[in-house]
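So the structure is just underneath, and the comments pick up after that.
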Amino acid sequence: MIYDIVIIGGGPAGLTAALYALRAEKTVLVIEKMGLGGQIALSEHVENFPGTPKMSGMEFASNLASQVETLGGEIEYETVLEIKDGNPKTVVTDFGEHQGKCVIIATGVTNRRLGIEGEDGLIGRGISFCAVCDGSFYKNKVVAVIGGGNTAVEDAIYLSNIAEKVYLVHRRLEFRAESRLVRELEGKENVELVLESVPKKFVDDGGFKGMEVVNVKTEESRFLELDGAFVAVGQIPQSDIFKGFISLDESGYIASGEDCRTNVEGVFVAGDCRNKTVRQLTTAVGDGSVAALAACDYLMNK
Ligand code: NAP
């Protein structure tokens with residue numbers, strides 16, 4: 001079958017694109033490699049989506065996925081390896097090939113690693129990138145969160161309700177996170193801020209032992225004895241497979257205008273993997289609708 005639109009990625013951007021395309025009576029295939037909902041499914045709460053009461057990220061994601069499935073959207077759980085241009089376009093996956101008259105890329109971002117000694121070997125054995133997923137393993141234990149953005153501060157608040165003690169290690173004095181979150185964090189008695197400090201290495205002694213941090217001003221080292229560490233130092237776009245096929249910016253985000261069109265005709269981009277200034281749930285779903293309508297326009301004029 002040749003679909004009108006093949007959407008790569010089943011996060012909020014991809015699912016919103018599917019919703020809009022299905023409502024415009026297009027045939028749609030969504031290809032997702034893990035689980036529907038993307039990063040929002042791993043958020044404890046969604047409380048800043050306009051007009052929507054506070055709910056868990058998982059509930060938000062599953063509501064969106066049901067909307068798509070109810071309208072007849074098809075979903076395949078496969079990993080995309082390549083897009084081949086042509087008429088139609090071919091999306092190659094680890095299971096085979098799918099064809100679409102046009103393609104929307106909504107592959108999102110993945111967690112940035114610190115790139116320090118001990119990190120690779122301890123991932124899943126003490127180092128985690130998701131407090132909501134793994135926090136419950138650290139009941140009454142001692143953990144650290146690294147980073148100073150919304151994710152790190154939210155993670156530290158979340159973990160402070162589970163763990164006995166939480167260190168928040170951040171390389172500056174000021175937080176990038178919203179001040180409302182920082183205020184909430186500062187009210188937590190079992191959170192110790194380790195500021196102007198960067199992790200130097202994780203210590204693996206047959207098991208996770210802790211983390212050495214260095215103060216960037218004084219260059220003094222300190223060893224934090226830990227049961228677990230949560231790395232929340234930002235994200236990188238999942239765009240490697242499109243290198244050479246489509247224009248990326250210097251950080252690897254897919255280049256496009258606000259119309260979500262890329263430099264390849266009939267290929268659109270939506271969500272966090274697109275080059276833009278604000279990466280929020282609201283902007284991801286905004287992109288999804290813009291990309292879907294741009295794709296419908298492309299199909300009509302083709
Ligand atoms: P982010 O905003 O990019 O913050 C990354 C943090 O990690 C920054 O504090 C940065 O320090 C630090 N960092 C980066 N590289 C580092 C390194 N090598 N060593 C030590 N520290 C390092 O990432 P994020 O918190 O994951 O958020 C990503 C996006 O999602 C943002 O747009 C955010 O607003 C959004 N988000 C929103 C919500 C919400 O609305 N509730 C929740 C989560 C995320 P510097 O500050 O010094 O650069």
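Atoms within a ligand are numbered from 1 in the order they appear, just like the ligands themselves. No hydrogens, no waters, no symmetry mates; every other heavy atom, side chains included, goes into these values.
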Measure the distance from atom 3 (O) of ligand 1 to every protein heavy atom, then report the residue, atom name and distance (to 0.1 Å) of the closest one.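 Here the nearest protein heavy atom works out to Gly234 CA, 4.0 Å.
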Specify the protein heavy atom at minimum distance from atom 1 (P) of ligand 1: its residue, its atom name, and the distance to 0.1 Å.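 Of the protein heavy atoms, Arg176 CD, 3.9 Å lies nearest.
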Closest to [atom] (judged by heavy-atom distance), picking from [options]:
atom	options	answer
atom 41 (N) of ligand 1	Glu44, Gln235, Glu154, Glu47	Glu154
atom 44 (C) of ligand 1	Ile40, Val169, Thr151	Thr151
atom 12 (C) of ligand 1	Val233, Thr283, Leu181, Val231	Val233
atom 10 (C) of ligand 1	Arg279, His45, Arg171	Arg171
atom 38 (C) of ligand 1	Asn150, Val153, Thr277	Asn150

Can you tell me if Val198 has a non-hydrogen atom under 4.0 Å from ligand 1? no
Return yes when Glu174 approaches ligand 1 closer than 4.0 angstrom through a heavy atom, no otherwise. no
Considering only NZ, NE, NH1 and NH2 on the basic side and carboxylate oxygens on the acidic side, decide whether [X] and [Y] come within less than 4.0 Å.
X	Y	value
Arg274	Asp287	yes
Lys200	Glu119	no
Lys165	Glu192	yes
Lys84	Glu97	yes

For ligand 1, is there an N or O atom under 3.5 Å from any N or O atom of Gly148? yes
Could you tell me whether some N/O pair between Gly149 and ligand 1 is separated by less than 3.5 angstrom?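 Right, the criterion is met.
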Which of the numbered atoms in ligand 1 are below 4.0 angstrom from a heavy atom of Arg172?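 Listed by number with element: 45 (P), 46 (O), 47 (O).
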Going by the order shown, which atoms of ligand 1 are within less than 4.0 Å of some heavy atom of Leu114?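 Close to Leu114: 19 (N).
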When rounded to the nearest 0.5 angstrom, what distance separates CZ in Phe230 from CD1 in Ile127? 10.5 Å
State whether Phe245 and Lys243 meet the cation-pi test: NZ (Lys) or CZ (Arg) under 6.0 Å from the six-membered ring centroid, and within 45° of the perpendicular axis.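 Output no; distance or angle outside limits.
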